[in-house]
Protein chains: 2
Amino acid sequence: MLQFHKQTRSPMAASRSRPPPAPPAASPAQALIAAHGRVTRTRVAVLDSLLASHQPLNHDQIAAELAATGEHHDRVTVYRALDWLVEQGIAARIAGSDRAWKFEAVRRGHRHAHFHCDTCGRVLCLEAVEPAIAVALPEGFRLEQAELVLRGACPDCARNGER
Amino acid sequence: MLQFHKQTRSPMAASRSRPPPAPPAASPAQALIAAHGRVTRTRVAVLDSLLASHQPLNHDQIAAELAATGEHHDRVTVYRALDWLVEQGIAARIAGSDRAWKFEAVRRGHRHAHFHCDTCGRVLCLEAVEPAIAVALPEGFRLEQAELVLRGACPDCARNGER
DNA sequence: GGACAAGATGCTACAATGTTGCAATTCCAT
DNA sequence: ATGGAATTGCAACATTGTAGCATCTTGTCC
Ligand SMILES: [Mn+2]
Ligand SMILES: [Mn+2]
Ligand SMILES: [Zn+2]
Ligand SMILES: [Zn+2]
């Protein structure tokens with residue numbers, strides 16, 4: 001089995017290896033973050049998780065992803081990283097039907113509807129569903145965002161337990 | 001001004017008064033509840049609050065209403081009454097942008113969109129807005145409910161603090 | 001490269017919103 | 001009026017998120 005070296009910052013490590021391997025080949029996450037502010041370990045790890053997922057993740061699920069990498073990430077720091085990503089418009093916050101926020105990477109500013117499965121609790125992105133929402137809002141309101149929330153059973157859950 | 005007698009159950013009260021005053025003129029709340037199950041003090045009080053309100057209320061707001069009547073209602077019992085009302089289809093649960101549920105009485109089974117004010121946190125019912133949601137859901141999903149969630153500033157908040 | 005200051009992190013508490021278990025009480029069909 | 005099932009009240013616990021603050025990092029400027 002291959003042996004991996006955890007990338008380490010210990011003073012000895014770099015001294016004998018090959019010449020500086022050029023720009024560290026910034027990951028997409030790193031590039032995105034750098035464009036908006038400081039690049040930190042937890043921000044990168046969190047955004048990596050979001051980018052790798054095809055559905056919105058809650059804090060627990062993200063923590064699980066991070067734990068899988070072996071590195072430790074503080075709970076509070078993860079919350080703060082998520083807040084920051086949302087502030088920067090890099091991620092979006094989605095209200096779940098439990099009372100935990102879910103987060104997803106914003107892809108090319110593309111907004112879409114979400115389907116909340118009452119059975120498994122997952123939130124699925126419906127990139128294809130073009131809602132054609134024709135809202136005629138009364139005078140006085142300032143509309144910031146319109147979101148279509150669908151509830152029911154996802155294909156997986158609908159197939160098992162018919163009904 | 002007319003004088004109302006609080007309906008009392010004290011042993012002395014009924015003994016000398018007029019003959020049994022017929023059915024106690026059940027309030028709308030009492031009637032609704034009786035049609036679905038047991039009529040209890042807290043269920044009636046909670047539903048009264050919801051029926052009296054023109055916008056969805058969270059637990060805190062409901063508790064405040066109840067407190068105003070002078071009667072004490074246990075926190076947990078109120079939660080359970082709300083759960084029950086929702087189960088029975090008498091009330092609806094609405095996810096707020098904070099993480100507290102809001103509740104409203106279901107009127108004639110009428111579903112409508114809601115506007116969440118980011119500034120004052122209120123949720124306003126938009127009974128008039130007919131969303132014309134044309135959802136083309138992919139195969140396999142079982143759709144239970146489609147809800148249109150609007151966010152921004154309500155007329156009050158938009159007027160003050162323009163922008 | 002090294003020093004510096006703003007910004008980010010890691011604790012430990014704390015807050016807000018519900019939920020669970022269980023003994024005591026209430027409701028309502030007989 | 002009675003009895004048994006449904007409901008309540010209370011105290012403890014769970015989940016999800018925030019605040020304060022001392023310490024450590026990051027990016028920048030020399
Ligand atoms: Mn999505
Ligand atoms: Mn409403
Ligand atoms: Zn599902
Ligand atoms: Zn407002």
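Residue numbering restarts at 1 for every chain, and letters A, B, ... go by the order of the sequence lines. Because only heavy atoms are used, hydrogens play no part in the values below, and waters and symmetry mates are left out as well, while side chains stay in.
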Tell me which nucleotide among [options] gets nearest to the side chain of [X].
X	options	result
B:Trp101	C:dG10, D:dG9, C:dG18	C:dG18
B:Val76	D:dA11, D:dG17, C:dG18	D:dA11
B:Asp74	D:dT16, D:dG9, C:dG18	D:dG9
A:Asp60	D:dT7, C:dA8, D:dT16	D:dT16
B:Asp83	C:dT19, C:dG10, C:dT17	C:dT19

Checklist entry - Can a donor-acceptor pair be found between the side chains of B:His114 and B:Glu104 at a distance below 3.5 Å? => result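 There is such a pair between these side chains.
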
Next on the checklist: One pair to check against side chain to side chain donor-acceptor pair (under 3.5 Å): A:Gln61 and A:His59. What are the steps and the verdict?
Outcome noted: CA-CA 6 Å; A:Gln61 298 171 308; A:His59 183 275; over 6 Å; no

How long is the line joining [atom1] of [X] and [atom2] of [N], in whole Å?
X	N	atom1	atom2	value
A:Gln30	D:dT26	CD	P	11 Å
A:Trp84	C:dG7	CH2	C1'	11 Å
B:Glu71	C:dT26	CD	P	14 Å
B:Tyr79	D:dC10	OH	P	16 Å
B:Ile33	D:dT8	CD1	P	10 Å
A:His73	C:dA8	NE2	C1'	14 Å
B:His36	C:dC27	NE2	C1'	18 Å
B:Leu82	D:dT8	CG	P	11 Å

Next on the checklist: Judged by each residue's nearest nucleotide on DNA chain C, which is more toward the 5′ side, B:Val39 or B:His59?
Outcome noted: B:His59

Next on the checklist: If you go through the side-chain atoms of B:Arg80, does one of them form a donor-acceptor pair with the base of C:dG18 closer than 3.5 Å?
Outcome noted: no

Contact under 4.0 Å: [X] side-chain N or O vs [N] OP1/OP2:
X	N	value
A:Thr40	C:dT9	yes
A:Arg41	C:dG10	yes
B:Arg93	C:dG18	no

For [Y], is there any backbone N or O sitting under 3.5 Å from a side-chain donor or acceptor partner on [X]?
X	Y	value
B:Thr69	B:Glu65	no
A:Gln30	A:Ser27	yes
A:Arg151	A:Phe115	no

Checklist entry - Across the strands shown, which category fits A:Arg75 at heavy-atom distances under 4.0 angstrom: base, sugar-phosphate, nothing? => result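 Base: the residue A:Arg75, judged by heavy atoms under 4.0 Å, touches a nucleobase.
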
Checklist entry - When we call it a touch if two heavy atoms are under 4.0 Å apart, what does B:Arg38 touch: a base, just sugar-phosphate, or nothing? => result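 Base, at least one base heavy atom under 4.0 Å.
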
Next on the checklist: Does B:Arg99 qualify as a cation-pi partner of A:Trp101, given the criterion of NZ or CZ under 6.0 Å from the six-membered ring centre and within 45 degrees of its axis?
Outcome noted: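 Judged by the rule, B:Arg99 and A:Trp101 form no cation-pi pair.
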
Checklist outcome for this item: Heavy-atom nearest nucleotide on DNA chain D taken for B:Arg99 and for B:Thr77; more 5' hit belongs to B:Thr77

